[in-house]
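Please read the structure below before turning to the comments.
Keep in mind the model is a prediction, meaning the values are calculated, not measured. Atoms within a ligand are numbered from 1 in the order they appear, just like the ligands themselves. Any value given below was found using the heavy atoms of this structure, including those in side chains, with hydrogens, waters and symmetry copies removed.
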Amino acid sequence: MAARPVVRVIGTGGTIATIAANRLDLTRYPETGHRIPIEESLARIPEVHDLAEVRSEDLMSEASSFIGPGQWPRIARRVNKAFREEPDVDGVVLTHGTGTMEETAYFLHLTVDSPKPVVMTGAMRPASALGTDADLNLYNAIRAAADPNAVGRGVMVAMNNQIHSGRDVSKTDPLHVETFKDNDMGLLGYVDPDGQVVFYRSTVRKHTTETPFVVERIGILPRVDIVSTYAGSDELLVEAVRRNRSAGLVLAGVGGGSGNAAATQTALDAIREGMTIVLASRTANGRVVMTPSKERQGFIVADNLLPHKARILLMLALTVTKNRGAIQQMFYDY
Ligand code: ASP
């Protein structure tokens with residue numbers, strides 16, 4: 001047999017690893033189900049050994065609501081270590097709950113120190129469910145990670161036969177399998193049933209090896225909060241963040257980053273006290289653009305990043321600089 005590609009599969013938990021009380025339980029399993037180790041998930045898809053040499057381990061076993069800034073550096077370090085210490089590894093697959101997958105994906109997209117593919121996957125239906133997507137998504141993610149054409153595209157999410165960029169992807173539906181979308185940006189390609197992994201595009205924004213973020217040096221990430229604007233919202237929540245002395249704040253404005261006048265005044269006070277504030281939008285698409293008054297006031301604009309993605313870039317940016325111009329440039333580059 002010709003040498004098979006080597007894929008390291010790292011488990012972190014989520015629905016893809018969950019066994020519910022019965023085959024029709026598609027909604028209560030987060031409260032009543034139990035999680036299986038990655039070895040058991042892989043044992044359900046023996047076909048995978050025809051296409052890759054698979055090495056596996058569980059890094060953690062959590063619902064994705066328990067995975068965040070406290071875990072991201074550890075996950076990134078583990079991925080970097082795999083590429084550093086196992087040079088024959090062609091790609092890494094990371095299983096993860098779908099709830100915060102897009103956030104872990106963007107953190108890794110900015111911190112993995114290799115052009116080799118990292119493909120995240122999960123499931124919308126527990127592994128025990130009638131019509132589960134757990135097995136096929138895991139199989140397909142391994143196919144994508146083993147594919148030479150996946151190199152250099154940053155961290156990706158492969159779900160439901162589609163491949164998305166970790167920068168642009170988000171979960172858009174709480175229940176259905178066709179949930180991961182890239183809004184205006186579109187998907188990268190397919191992991192198709194005819195055995196083909198097909199790519200149509202790459203993100204042109206910098207990622208992985210092209211960023212200055214060294215996760216090996218990051219201890220605790222700076223705290224960055226998000227406050228959303230809505231009709232009738234006021235300064236209450238911005239004031240809470242200001243008093244907390246968080247390192248940064250993302251304001252998810254209505255439309256082009258605009259918020260309520262009292263909240264904006266409180267945000268300006270926070271900027272004067274040293275907080276870094278990024279204006280994002282609660283709309284799913286399009287850019288928040290710089291204006292002379294936002295510039296004068298000291299705000300940074302998020303470009304087209306969703307507020308929770310802008311938070312991740314700001315956290316990482318603050319590990320290397322507090323310079324507003326330098327951070328703004330990162331929002332244009334990454
Ligand atoms: N509650 C789960 C999680 O995010 C949902 C999923 O895995 O799809 O971990």
- Are Ser246 and Asn244 linked by a side-chain donor-acceptor pair shorter than 3.5 Å? yes
- Message: For atom 2 (C) of ligand 1, what is the closest protein heavy atom, and at what distance to 0.1 Å?
- Response: Thr15 OG1, 3.5 Å
- Parallel, tilted or perpendicular, as decided by the 30° and 60° cut-offs, for the rings of His164 and Phe180: tilted
- Query: Can you list the ligand 1 atoms lying under 4.0 Å from a non-hydrogen atom of Gly14?
  - Reply: 7 (O), 9 (O)
- atom 4 (O) of ligand 1 has as its nearest protein heavy atom Ser64 OG, 2.5 Å
- Which atoms of ligand 1 sit under 4.0 Å from any heavy atom of Gly99? 4 (O)
- Task: Among all protein heavy atoms, pick the one closest to atom 8 (O) of ligand 1 and tell me residue, atom and distance.
- Result: Thr98 OG1, 2.3 Å
- Could you walk me through whether Thr98 and Met124 pass the side-chain contact (heavy atoms from CB on, under 4.5 Å) check? CA-CA 7 Å; Thr98 55; Met124 291 302 290; 3.7 Å; yes
- Item | CZ/Arg28: more than 12 non-hydrogen atoms of other groups inside 6.0 Å | no
- Message: Using a 4.0 Å cutoff against the non-hydrogen atoms of Ala63, which atoms of ligand 1 qualify?
- Response: 9 (O)
- 4.0 Å heavy-atom contact, Ala123 with ligand 1: yes
- Going by atom types alone, do Asn140 and Arg143 pair a side-chain donor with an acceptor below 3.5 Å? yes
- Task: Tell me yes or no: between the side chains of Asn80 and Glu216, is some donor less than 3.5 Å from an acceptor?
- Result: yes
